[in-house]
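Structure, as structure tokens:
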Amino acid sequence: LHDMSINAKSQASSIRGHHYGVSWLSDSELARLIDRVDANPNSAGYMMISEVCQKRGEMRKAMYFLKKAKVIEKLEEPED
């Protein structure tokens, strides 16, 4: 399950590669993932956390992390 945790600098595509297993994260693994993403915020990480929460039926948490992902995604977009 360590393979399912992400490096804060991972690209979204590598996170999507773990799509099949995000609902299998234990509570402690999810907490570690949240800590890692909070330490170095990125939209892909928050999207993954949102997906985990959604698959667990924790819709409030899923929406919270989805909103964080959307805000950070705007900041990550290159300025034209």
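Hydrogens, waters and symmetry mates are skipped; everything else that's a heavy atom, side chains included, is used.
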_If we ignore hydrogens and angles and just use 3.5 Å, is the side chain of Arg32 paired with the main-chain N or O of Asp27 as donor and acceptor?_
no

*Verify, without hydrogens or angle tests, whether Asn42 (side chain) and Asn40 (backbone) share a donor-acceptor contact under 3.5 angstrom.*
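Checked: pair present.
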
Between [X] and [Y], what is the shortest heavy-atom contact and its length?
| X | Y | answer |
| --- | --- | --- |
| Ser50 | Ala62 | OG-O, 2.8 Å |
| Ile72 | Pro41 | CD1-CB, 3.6 Å |
| Tyr46 | Ala69 | CB-CB, 3.7 Å |

_Going by the rule side chain to side chain donor-acceptor pair (under 3.5 Å), which residues pair with Glu73 if we only count those two or more places apart in sequence or in a different chain?_
none

*Partners of Asp35 by side chain to side chain donor-acceptor pair (under 3.5 Å), sequence neighbours excluded?*
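Testing Asp35 for side chain to side chain donor-acceptor pair (under 3.5 Å), a comparison that skips the adjacent residues, returns none.
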
Within the 4.5 Å heavy-atom criterion, are [X] and [Y] side-chain neighbours or not?
| X | Y | answer |
| --- | --- | --- |
| Lys61 | Leu30 | no |
| Gln54 | Glu58 | no |
| Val37 | Met48 | no |

_Nearest 0.5 Å, please: how far is CG in Leu33 from OG in Ser28?_
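So the gap between those two atoms works out to 11.5 Å.
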
_Pair Phe65, Ile34 - check side chain to side chain contact (heavy atoms under 4.5 Å, CB included), show working._
CA-CA 10 Å; Phe65 288 110; Ile34 292 170; 3.9 Å; yes

*May I ask you to list the residues sharing a hydrophobic cluster with Leu66, side-chain cutoff 4.5 Å, ordered by chain and number?*
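Via sub-4.5 Å side-chain contacts, Leu66 links to Met47, Met63.
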
*Should side-chain heavy atoms under 4.5 Å link Ile, Leu, Val, Met, Phe, Trp and Tyr, which residues sit in the same cluster as Met59?*
none

